[in-house]
Amino acid sequence: MNTAEVKIAAASTASLIYRPVSFFQPLELAAIFPDPRPLEIELGAGDGTFLATWATQRPGSNFLGIERLLGRLRKLDRKARRLGLRNLRLMRIEAGYFLNYLLPLRSVAAIHVYFPDPWPKRKHRKHRLVNTAFVATAARVLQPGGRVHLRTDDADYFAQMRSVFAASPNFYLIATEPELLAVKTDFETEFNARGIPTNHATYQLVPR
(Lines give C-alpha, C1' and ligand atoms only; values in the text may rest on other atoms or scores of the structure.)
Protein backbone atom coordinates (compact mmCIF):
# COMPACT_ATOMS: atom_id res chain seq x y z
CA MET A 1 0.00 0.00 0.00
CA ASN A 2 1.52 3.34 -1.06
CA THR A 3 1.36 6.61 0.92
CA ALA A 4 -1.75 7.89 -0.87
CA GLU A 5 -3.60 4.63 -0.23
CA VAL A 6 -2.65 4.77 3.45
CA LYS A 7 -4.10 8.28 3.74
CA ILE A 8 -7.34 7.22 2.03
CA ALA A 9 -7.65 4.19 4.31
CA ALA A 10 -7.07 6.33 7.40
CA ALA A 11 -9.68 8.85 6.29
CA SER A 12 -12.23 6.11 5.69
CA THR A 13 -11.85 4.79 9.26
CA ALA A 14 -12.02 8.15 11.06
CA SER A 15 -15.34 8.80 12.75
CA LEU A 16 -17.67 11.21 10.96
CA ILE A 17 -19.28 12.32 14.24
CA TYR A 18 -18.35 15.97 14.76
CA ARG A 19 -17.94 17.39 18.27
CA PRO A 20 -17.96 21.20 18.24
CA VAL A 21 -15.66 23.25 20.43
CA SER A 22 -18.69 25.06 21.82
CA PHE A 23 -22.41 24.35 21.95
CA PHE A 24 -23.16 28.00 22.67
CA GLN A 25 -22.10 29.73 19.47
CA PRO A 26 -22.72 29.18 15.74
CA LEU A 27 -20.70 26.45 14.09
CA GLU A 28 -17.64 27.17 12.00
CA LEU A 29 -18.82 25.24 8.96
CA ALA A 30 -15.42 25.49 7.27
CA ALA A 31 -13.99 23.42 10.13
CA ILE A 32 -16.53 20.68 9.41
CA PHE A 33 -16.48 20.84 5.62
CA PRO A 34 -13.19 22.17 4.20
CA ASP A 35 -14.66 21.96 0.68
CA PRO A 36 -17.30 24.72 0.31
CA ARG A 37 -20.39 23.12 -1.21
CA PRO A 38 -24.14 23.59 -0.74
CA LEU A 39 -25.08 22.26 2.70
CA GLU A 40 -28.09 20.04 3.38
CA ILE A 41 -29.25 19.15 6.90
CA GLU A 42 -31.34 16.22 8.06
CA LEU A 43 -32.96 16.76 11.46
CA GLY A 44 -33.51 13.36 13.04
CA ALA A 45 -31.38 11.19 10.76
CA GLY A 46 -32.40 7.90 12.40
CA ASP A 47 -30.32 4.98 11.16
CA GLY A 48 -29.26 7.01 8.13
CA THR A 49 -31.03 5.03 5.42
CA PHE A 50 -32.11 8.20 3.63
CA LEU A 51 -29.10 10.37 4.33
CA ALA A 52 -26.41 7.89 3.30
CA THR A 53 -28.20 7.17 0.02
CA TRP A 54 -28.90 10.83 -0.78
CA ALA A 55 -25.33 11.88 0.04
CA THR A 56 -24.03 9.14 -2.25
CA GLN A 57 -26.19 10.41 -5.10
CA ARG A 58 -25.21 14.05 -4.63
CA PRO A 59 -21.41 14.28 -4.27
CA GLY A 60 -21.53 17.99 -5.12
CA SER A 61 -23.22 18.84 -1.81
CA ASN A 62 -22.26 18.54 1.85
CA PHE A 63 -24.56 16.83 4.35
CA LEU A 64 -24.92 17.10 8.10
CA GLY A 65 -27.04 14.55 9.93
CA ILE A 66 -28.49 15.50 13.32
CA GLU A 67 -29.56 12.73 15.69
CA ARG A 68 -30.09 12.66 19.46
CA LEU A 69 -29.74 8.89 19.98
CA LEU A 70 -26.12 7.75 20.08
CA GLY A 71 -26.82 4.19 18.94
CA ARG A 72 -28.48 5.40 15.75
CA LEU A 73 -25.70 7.91 15.15
CA ARG A 74 -23.01 5.26 15.48
CA LYS A 75 -24.87 3.01 13.06
CA LEU A 76 -25.00 5.80 10.50
CA ASP A 77 -21.34 6.59 11.14
CA ARG A 78 -20.34 3.01 10.34
CA LYS A 79 -22.54 2.92 7.25
CA ALA A 80 -21.19 6.21 5.88
CA ARG A 81 -17.57 5.18 6.44
CA ARG A 82 -18.14 1.87 4.64
CA LEU A 83 -19.48 3.87 1.70
CA GLY A 84 -16.52 6.26 1.81
CA LEU A 85 -18.73 9.34 2.11
CA ARG A 86 -16.46 12.34 2.49
CA ASN A 87 -19.31 14.83 2.08
CA LEU A 88 -21.17 13.67 5.21
CA ARG A 89 -20.73 14.59 8.89
CA LEU A 90 -22.87 13.84 11.93
CA MET A 91 -23.73 15.51 15.21
CA ARG A 92 -25.36 14.20 18.37
CA ILE A 93 -27.66 16.99 19.56
CA GLU A 94 -31.34 17.82 19.94
CA ALA A 95 -32.69 19.04 16.60
CA GLY A 96 -34.52 22.12 17.83
CA TYR A 97 -31.51 23.42 19.76
CA PHE A 98 -29.21 22.81 16.82
CA LEU A 99 -31.49 24.66 14.43
CA ASN A 100 -32.02 27.62 16.74
CA TYR A 101 -28.53 28.18 18.10
CA LEU A 102 -25.78 26.45 16.11
CA LEU A 103 -26.53 27.10 12.44
CA PRO A 104 -25.10 30.34 11.02
CA LEU A 105 -27.49 32.65 9.21
CA ARG A 106 -28.03 31.97 5.49
CA SER A 107 -25.83 28.88 5.59
CA VAL A 108 -28.10 26.02 4.47
CA ALA A 109 -29.39 25.00 1.04
CA ALA A 110 -31.94 22.45 2.28
CA ILE A 111 -33.46 21.11 5.50
CA HIS A 112 -34.91 17.59 5.56
CA VAL A 113 -37.39 16.61 8.30
CA TYR A 114 -38.73 13.11 7.81
CA PHE A 115 -41.14 11.32 10.13
CA PRO A 116 -40.52 13.41 13.26
CA ASP A 117 -42.22 12.36 16.49
CA PRO A 118 -45.91 13.27 15.93
CA TRP A 119 -46.72 13.75 19.64
CA PRO A 120 -50.32 12.68 18.90
CA LYS A 121 -51.86 13.62 22.27
CA ARG A 122 -53.28 17.15 22.19
CA LYS A 123 -51.52 18.17 25.41
CA HIS A 124 -48.17 17.09 23.95
CA ARG A 125 -48.41 18.85 20.57
CA LYS A 126 -46.38 21.76 21.88
CA HIS A 127 -43.38 19.43 21.64
CA ARG A 128 -43.67 19.01 17.87
CA LEU A 129 -40.59 20.14 15.97
CA VAL A 130 -42.38 21.73 13.02
CA ASN A 131 -44.36 24.71 14.31
CA THR A 132 -44.53 28.47 13.80
CA ALA A 133 -41.17 29.03 15.49
CA PHE A 134 -39.56 26.36 13.29
CA VAL A 135 -40.71 28.18 10.15
CA ALA A 136 -39.23 31.47 11.37
CA THR A 137 -35.91 29.85 12.23
CA ALA A 138 -35.75 28.02 8.91
CA ALA A 139 -36.20 31.34 7.13
CA ARG A 140 -33.15 32.70 8.96
CA VAL A 141 -30.75 29.81 8.37
CA LEU A 142 -31.67 29.00 4.76
CA GLN A 143 -29.90 30.63 1.86
CA PRO A 144 -32.06 32.54 -0.66
CA GLY A 145 -34.10 29.95 -2.53
CA GLY A 146 -33.37 27.30 0.12
CA ARG A 147 -35.86 24.52 0.70
CA VAL A 148 -37.53 22.61 3.54
CA HIS A 149 -38.51 19.02 2.72
CA LEU A 150 -41.12 17.41 4.98
CA ARG A 151 -42.50 13.87 5.27
CA THR A 152 -44.80 12.26 7.83
CA ASP A 153 -47.30 9.43 8.09
CA ASP A 154 -49.40 11.39 10.62
CA ALA A 155 -52.28 13.26 8.93
CA ASP A 156 -52.86 15.65 11.83
CA TYR A 157 -49.20 16.61 12.03
CA PHE A 158 -49.08 17.08 8.27
CA ALA A 159 -52.04 19.44 8.47
CA GLN A 160 -50.14 21.44 11.09
CA MET A 161 -47.01 21.52 8.92
CA ARG A 162 -48.96 22.85 5.96
CA SER A 163 -50.77 25.38 8.12
CA VAL A 164 -47.68 26.98 9.66
CA PHE A 165 -45.86 27.21 6.32
CA ALA A 166 -48.94 28.56 4.54
CA ALA A 167 -49.17 31.31 7.18
CA SER A 168 -45.61 32.46 6.51
CA PRO A 169 -44.91 35.09 3.81
CA ASN A 170 -41.36 33.74 3.55
CA PHE A 171 -42.18 30.39 1.93
CA TYR A 172 -44.18 28.98 -0.95
CA LEU A 173 -45.13 25.41 -1.81
CA ILE A 174 -43.34 23.70 -4.71
CA ALA A 175 -43.31 20.18 -6.14
CA THR A 176 -40.84 17.77 -4.54
CA GLU A 177 -38.21 16.41 -6.90
CA PRO A 178 -39.04 12.84 -8.01
CA GLU A 179 -35.40 11.85 -7.42
CA LEU A 180 -35.73 12.93 -3.79
CA LEU A 181 -39.04 11.16 -3.25
CA ALA A 182 -37.50 7.95 -4.56
CA VAL A 183 -35.04 7.88 -1.63
CA LYS A 184 -36.95 6.58 1.38
CA THR A 185 -36.22 6.41 5.08
CA ASP A 186 -36.35 3.14 7.01
CA PHE A 187 -39.61 4.23 8.67
CA GLU A 188 -41.11 5.14 5.32
CA THR A 189 -40.31 1.78 3.76
CA GLU A 190 -41.87 0.00 6.72
CA PHE A 191 -44.99 2.19 6.75
CA ASN A 192 -45.52 1.93 2.99
CA ALA A 193 -45.21 -1.86 3.17
CA ARG A 194 -48.07 -1.82 5.68
CA GLY A 195 -50.19 0.33 3.40
CA ILE A 196 -49.58 3.59 5.28
CA PRO A 197 -49.01 6.43 2.78
CA THR A 198 -46.40 9.16 3.01
CA ASN A 199 -47.53 12.77 3.29
CA HIS A 200 -44.86 15.02 1.81
CA ALA A 201 -44.34 18.68 0.98
CA THR A 202 -41.50 20.99 -0.07
CA TYR A 203 -41.41 24.69 0.73
CA GLN A 204 -39.00 27.13 -0.87
CA LEU A 205 -37.75 30.33 0.71
CA VAL A 206 -38.88 33.42 -1.13
CA PRO A 207 -35.83 35.04 -2.77
CA ARG A 208 -34.86 38.32 -1.14
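When reading the values below, keep in mind they use all heavy atoms of this one structure, side chains included, and skip hydrogens, waters and symmetry mates.
- If you take CG on Leu99 and CZ on Arg140, they are separated by 8.0 Å, rounding to the nearest 0.5 Å.
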*Determine, step by step, whether Phe191 and Phe115 satisfy the ring pair (Phe, Tyr, Trp, His ring centres under 6.0 Å) criterion, reporting the C-alpha distance in whole Å, the side-chain angles of both residues, the deciding distance to 0.1 Å, and the verdict.*
CA-CA 10 Å; Phe191 292 152; Phe115 300 90; 5.7 Å; yes
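- Ring geometry for Phe165 against Phe171 counts as perpendicular: the plane angle is over 60°, on a 0 to 90° scale with 30° as the lower cut.
- Atom-to-atom distance recorded for Leu103:CG and Ile41:CD1 is 5.0 Å, nearest 0.5 angstrom.
- A distance of 5.0 Å separates CZ of Phe134 from CG of Leu129, quoted to the nearest 0.5 Å.
- A cation-pi arrangement is absent between Arg89 and Tyr18 under the rule of less than 6.0 angstrom and at most 45 degrees off the ring axis.
- Between the Tyr157 side chain and the Val130 main chain, a donor and an acceptor come within less than 3.5 Å of each other.
- The aromatic rings of Trp54 and Phe50 sit parallel to each other, their planes meeting at less than 30°, with 60° as the upper class boundary.
- Closest approach of Lys79 to Ala52, counting heavy atoms only: CD-CB, 3.8 Å.
- Each of His200, His112, Glu188 was evaluated against Arg151; a single residue qualifies, Glu188, per the side chain to side chain donor-acceptor pair (under 3.5 Å) test.
- Taken from CG in Leu150 to CG in Asn199, the straight-line distance is 10.5 Å, to the nearest 0.5 Å.
- Taking CG from Asp156 and CZ from Arg122, the interatomic distance works out to 7.5 Å, rounded to the nearest 0.5 Å.
- A salt bridge is defined here as a Lys NZ or Arg NE, NH1 or NH2 lying under 4.0 Å from an Asp or Glu carboxylate O, and Asp47 with Lys75 meets this definition.
- Between Trp119 and His124, the ring planes are perpendicular. Angles over 60° get that label, and only those under 30° would be called parallel.
- Using a 4.0 Å cut-off between charged side-chain N and carboxylate O, Lys184 and Glu190 make no salt bridge.
- From Leu69, atom CG reaches atom CZ of Arg92 across 7.5 Å, with rounding to the nearest 0.5 Å.
- At least one cation-pi condition fails for Arg58 and Phe63: the charged atom is not both under 6.0 angstrom from the six-membered ring centre and inside a 45 degree cone around its axis.
- Linking Ile, Leu, Val, Met, Phe, Trp and Tyr residues whenever their side-chain heavy atoms come within less than 4.5 Å leaves Leu180 and Met161 in two separate clusters.
- When the options Thr185, Asp153, Asn192 are evaluated for a side chain to side chain donor-acceptor pair (under 3.5 Å) with Thr198, the one that passes is Asn192.
- Linking Ile, Leu, Val, Met, Phe, Trp and Tyr whenever their side-chain heavy atoms come within less than 4.5 Å leaves Val135 and Ile174 in two separate clusters.
- Between Arg106 and Pro144, the shortest heavy-atom distance links the atoms CD-CD, 4.5 Å.
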